[in-house]
Amino acid sequence: MSESASTGIGPDSCTAGIPKAYEPQAVEEKWYAFWEKEGCFTANADSPKPAYSIVIPPPNVTGVLHMGHVLNNTIQDILARKARMDGKEVLWLPGTDHAGIATQAVVEKTLRKEGKMKHRDDLGREKFLEHVWAWKEKHGGIIIQQLKKLGCSCDWSRLRFTMDPEYSRCVQKVFVELYKKGLIYRGKRMVNWDPAARTALSDEEVEMTETKGHLWHLKYPMLDAAGQPIPDQFVIVATTRPETMLGDEAVAVNPKDERYTRLVGTKVLLPLQNKPIPIIADDFVDPKFGTGCVKVTPAHDPNDYAMATRHHLPLTVVIGPDGRMTNEAGGGFAGLDRAEARKAVVEQLEKLGLLLKVEDYVHNVGHSQRSGVPIEPYLSEQWFLKYPAVESSTKAVEEARIAFHPDRWAKTYSHWMTNLRDWCISRQLWWGHRVPVWYKKSEIRNPKSEIRAADIYCGMEPPPDPENWEQDPDVLDTWFSSWLWPFATMGWPETTPTLKKFYPTTDLVTGPDIIFFWVARMIMAGYEFMGDLPFRNVYFTGIIRDKLGRKMSKSLGNSPDPLELIAKYGADALRFGTMRSAPLGQDVLFDEKDVELGRNFCNKLWNACRFRQMQGGEVQGEMNPALLTSDDKWILLRLDRAIREINAAYAEYHFNEIAQTLYRFFWSEYCDWYVEAAKAPLQSASPAQKANTLAVMDFVLSHTLRLFHPCLPFISEELWHGMGYSADMPEAQGGKSILFAPWPKPLSDAEKETWGLDDAADQLAAAKYDLVGLGRNWRREFNLPANKKLHFVLKPAGPLAAPEVEVLRLLLNAEQIRVDPGYNPPQGTPRVANSLGELYLPLTGLIDFAAERARLTKELEKARAEVAKVREKLDNPQFTQKVPPKVLEEHQKRLADWQAKVNQVEQSLANLPA
RNA sequence: GCGCGCUUAGCUCAGUGGAAGAGCACUUCCUUCACACGGAAGGGGCCGCAGGUUCAAGUCCUGCAGCGCGCACCA
C-alpha cells in the first residue's frame, strides 16, 4: 500500500524513519480522501446484504460544528462503521435543515448591519430571499466539510437539504393531503407571538422561565347606576402586566364569591382610558387568589380571551405585532415599546393615586426559544394541524417496537402524546416552505371575518387561473418539513429502491431536547405517510456542558471549537475522548483533558505497533500451539474477554463502556503486561519461538485494530495497512479498507482448546505478574532507584520453566534471578511469596527494615481483616444454606486465598531481624 | 403542583444483589534500545441522610435533604 509510505509506518519502512509520536493530520486527510474516492460510504440499494440505516439529524445549513454535533455524529459514525464490519449494507444519510427562524434572523441581522435594509419589507420578499439563498450558498457547505474532518462516513452522494425542490414537493404534498383530510385547518386563535421575530410560534418553542417580577395592585373606581364614580369606592385588581390594562374590557369575580355578588352587573371606570367596563362573574376566577378580582384583557391573555368569548366582550388590541403599543392604547402610549409602556402606565396610575401597592413576585414567563424575548399572547389567524396517527405512534413506543435508549424518555414521550394540542404550523417568515394555499382575490380580506372554504384553494400546483388568486404569504414551521426526514430524503413519494431497502431506518441518534419537536412528529409522519415506524431505536445523547456544568454557549465563550481540537489532537483523539466520558443518557462535562487522553491513547497504539514493526519480519499468520507461552495464552484470553465485553456494550449502546474496555485492554493488559513480558522471548529465544511471539502480537493487533476502528477510524486504517494486515484479506473484507474488515468474534471453545487457553496458563501468568508487583514494591520501600539492577533469589513452589523466570527477570528489571529450590535465606532477607513461590532480595545492610516491617504489618492487618470478613459469612448457617453454590465456592476460595496471604506475610515478617 | 434525573476518591464519572473502580490531579523513583503524549510503585472513599427487604445492599423498596431538567393557564 503506497499510502503508508508518507506517514512512516509500514512493513518496508526502516525503524529510524517511523515517527516516535503519532501525527494525525496527514493521516486523517489521506484516508478520508481515499474513502471518498473509493466510494466506501456509498450505500447500494441493490445489495443482498441486510440493511442498516441512519438518517442524520440535519444540522442548520448555515451552522458550524459544535461539541453537541461531535457527540451526536461520533456516535452515529461508530454505529455505521460497526454495522459495515458486521456485514451490513449501510446507509448513513446526511443532510442539512433550512432552519427558518434562525437563518432568516441571521441574514436579516447581517443585511441591517451592512445597511442594505432596515426591515425586510424594504427589500420585498423576492429580493430578500435572493439574499438568503446567497447566504446559504456561501455558508451552507461549511458544516458538511466539518463533519468530514470528524471522520463521518455519511453517504454524501445522497446529501439532502430540506429546501431541495423534491423535498419541497414532499412538504407540499403532505400539507395538501392533511388539509383535504381536514386535519389542517385555518383558525383565529390566541397564539404564542414572538414580537422580535414577528411570527407565531408553536407551544414547544416557548420556554417558561422563572422571572422576578412584580404584582401591581390597581384601583378601579366603581361607578353608580348613572355611570358616575362613587367616591372612595374601588375594586382592586392585581396584575403582573399593568400595560395590558389599557385593553381591559371587564373585571371578573367568581360567581360564588359572596364578597362581590352584589357588584356583578355594575361597572367600574377603567383608568387612563376613562372607559366604563362591566364586572362579570366567571368560574375561572379563583376567589382565594389575591383580591378575588381579575382584570380581563381579552386580546392579550389566553384565559381572558376565553372569558371574553363566554361573555361576548369586545377585543381591544393595545399591543401590536411588533411589541409596540397601538393607537387604541391611547395617545400617551401609542408607539411605546411594551416595556416602556409598563413604566408609563404605572407612573400615571401612581400620579392618579390608583396604584395601591407593588409586591415582588416570582412567576413563570414564556420566552421565545429563538429570540429570547417574552412571548406575547396574540390573536391572529394561523394554520393548525391536528396530529395524525396518534394512537399507533403512542403504542409503538409504549410497546417498545420503537425502543428508546435510555428508556425513561418513553414516559416523557407518552405524557406528551396523550396531551397533544394542535400544532400551529404557520410562520410569518419568508424563508421556508410557503403555505400551498391561495385565496380568491375578489374576496376582500377583512381581518375580522374568516375566509369561506370555497374561496380557499389548496394544492401542489398554483390554481389554473392564478391571476384571480393570491397565495398565503406565510411559510411553514421548519419542523413541518423535518418531520418527513426519514422518508422524504429517500425519494418518497416514489417507491425508490433506496426507500425499499433502507426504510424503516435502524437507529436514530438525537438529543432529548427535541423529543417533541422532531422525534414524536417523525413517528407520527412515519405511520401516517409510510404506514410504518420510521426507526427502531432512538439513542438520546446527553447535553455537552463545560467542566463547571454550564451549558455551552457562544455568549459564555465556554464552547471549544471542535476543529481547533481536531487540529491540535486529531479527530480520533476528539472522538475517543468524547466517547469515553459520555455515559448513556447523562450530560457530558467536557474537559479538554479528555481529548488529551484520546491523543495519548492513539500515541500508545501507534507506538505499540511501532514496537511490533521494529521486531522486523513479515506478518506472522499461524500461531503454533506448542510454542505458546503462558503470557501468550493470558493475552489471548484477555482479548477474548474484551471482545465479549465490547459486543455486550454495543448491544446496549453503552459507548463509554466500549471506550473504557478498549482502553483497559490495550493499555493496561496488552501494553503494560503482555508487551513487556513478550520482550523476553523476543530478546533471547529461538527464531521459531520469536516468530511465534510475533504471530501472537499480529493476531492480537489485527483484532485490536478492528475493535478500534469504529471509534478511531483514521489511525486504525493507517495501521491496518501499515502493519500489513490488509494484505491477507479479501478485497471486499478488509483488503481495501479496514472499513469492511469482519468484526472480531470471541474465541470459540475449539480455538481455546487448540491453543490450550485454560485456567492453568491463565493463573500462571497472573501469579507471575502478581509476584512482579510485590517485587517492584521493594524499590520504593527501600529507596532503590528504578534503574538499579538487582539480584533476586526465587524459591519456586513447584516446577517453573526457565522462560517464565526470564519473564520475571525482565519485568523486575533484575540483573539476575537465581532459582534455588533449597534456598535457605539468612535472617533478615526481604521476602514476598505467592502461589508461584518465594522471592527474596538478599540486600542485607541496605535495607530500611522498619519501613518493611510497617508495610508488611499493614498488609497483614488487611489480610486478616479480609479473612475475618469472609469467615464471618461462612460461619453463618443462613449464608451457607441459602447462597447459590457458585457464590459459596467463591467465598471458600477467597478464604483460602486470604489465609494463604496471611501465612505468607507472617513468614515474611518472621524473616525480618527482630 | 406533577414527573424525571443526579448525589461514590481532591475533580469528572463508571459500577443495578455477592470481595469499593477508572481517568485526571497528588507523592516518590526512573530519560532502561515502542511510547516522557512514557514506565514503576504509592497515598486517598461512614458509596447524600434515615429507615426497610435480604443470608448478603453503593446496587432493591420507603421516606428526607440538596442540585439539575422537563411538563403545568392561576391574575
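Residue numbers start from 1 in every chain, and the chains themselves are labelled A, B, ... in the order their sequence lines are given, proteins ahead of strands.
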In plain terms, say whether [X] and [Y] are close enough for a salt bridge, that is, a side-chain N and a carboxylate O under 4.0 Å apart.
X      : Y      : result
A:E866 : A:K869 : yes
A:K893 : A:D897 : yes
A:R809 : A:E806 : yes
A:K212 : A:D360 : no

Requested in this report: By nearest nucleotide on RNA chain B, pick out whichever of A:R779 and A:K679 is the more 5' one.
Outcome: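 The residue mapped nearer the 5' terminus is A:K679.
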Query - Earlier contact from the 5' end, RNA chain B, for A:Y22 and A:D203 - result: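 Residue closer to the 5' terminus by nearest nucleotide: A:Y22.
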[X] has an atom [atom1]; how far is it from atom [atom2] of [N], in whole Å?
X      : N      : atom1 : atom2 : value
A:L811 : B:rA41 : CG    : P     : 10 Å
A:W673 : B:rG38 : CH2   : C1'   : 16 Å
A:R871 : B:rA56 : CZ    : P     : 21 Å
A:R610 : B:rC33 : CZ    : C1'   : 10 Å
A:N607 : B:rC35 : CG    : P     : 6 Å

Would you say [N] has OP1 or OP2 under 4.0 Å from some side-chain N or O of [X]?
X      : N      : answer
A:R421 : B:rA72 : yes
A:W667 : B:rG39 : yes
A:R780 : B:rU28 : no
A:Y361 : B:rA75 : yes
A:R776 : B:rA41 : yes
A:K862 : B:rA19 : no
A:K568 : B:rC37 : no
A:N419 : B:rC71 : no
A:N777 : B:rG42 : yes

Could a donor-acceptor pair under 3.5 angstrom be found where the side chain of [X] meets the base of [N]?
X      : N      : result
A:K20  : B:rA36 : no
A:E676 : B:rA34 : yes
A:W898 : B:rA19 : yes

Establish, from distance only, whether the side-chain atoms of [X] and [Y] form a donor-acceptor pair under 3.5 Å.
X      : Y      : answer
A:T244 : A:H300 : no
A:R780 : A:N777 : no
A:E852 : A:W778 : yes

Parallel, tilted or perpendicular for [X] and [Y], by the 30°/60° rule?
X      : Y      : result
A:F601 : A:F576 : parallel
A:F708 : A:F666 : perpendicular
A:Y650 : A:F655 : perpendicular
A:Y769 : A:W673 : parallel

If you measure from the [atom1] atom in [N] to the same atom in [M], how many Å do you get, rounded?
N      : M      : atom1 : result
B:rG21 : B:rG58 : P     : 14 Å
B:rA19 : B:rC29 : P     : 37 Å
B:rC60 : B:rG17 : C1'   : 8 Å
B:rA57 : B:rA20 : C1'   : 13 Å
B:rC61 : B:rC74 : C1'   : 37 Å
B:rC26 : B:rG10 : C1'   : 9 Å
B:rC2  : B:rU62 : P     : 16 Å

Report task. Would you write the dot-bracket representation of RNA chain B, where each base gets (, ), [, ], | or . depending on whether it forms a Watson-Crick or G-U pair under 3.5 Å and with which partner? Result -> ((((((((.[[[[.)..(..]]]].(((((.......))))).....[[[[[..)....]]]]])))))))....
Pairs under 3.5 angstrom, nitrogen or oxygen only, protein versus nucleotides 4-8 of chain B, please.
residue, atom, partner, partner atom, Å
B:rC4, OP1, A:K411, NZ, 2.8

With heavy atoms under 4.0 Å as the rule, sort [X] into base, sugar-phosphate or nothing.
X      : answer
A:D286 : base
A:V296 : nothing
A:P877 : nothing

**Report entry** Aromatic A:Y674 / basic A:R638 pairing, under 6.0 angstrom, 45° off normal
**Finding:**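 Negative - A:R638 is either too far from the ring of A:Y674 or too far off its axis.
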**Report entry** Aromatic A:F611 / basic A:K679 pairing, under 6.0 angstrom, 45° off normal
**Finding:**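 Geometry flag: set, cation within 6.0 Å and 45°.
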Close N or O pairs between protein and nucleotides 23-26 of chain B (under 3.5 Å):
residue, atom, partner, partner atom, Å
B:rG23, O4', A:R580, NH2, 3.1

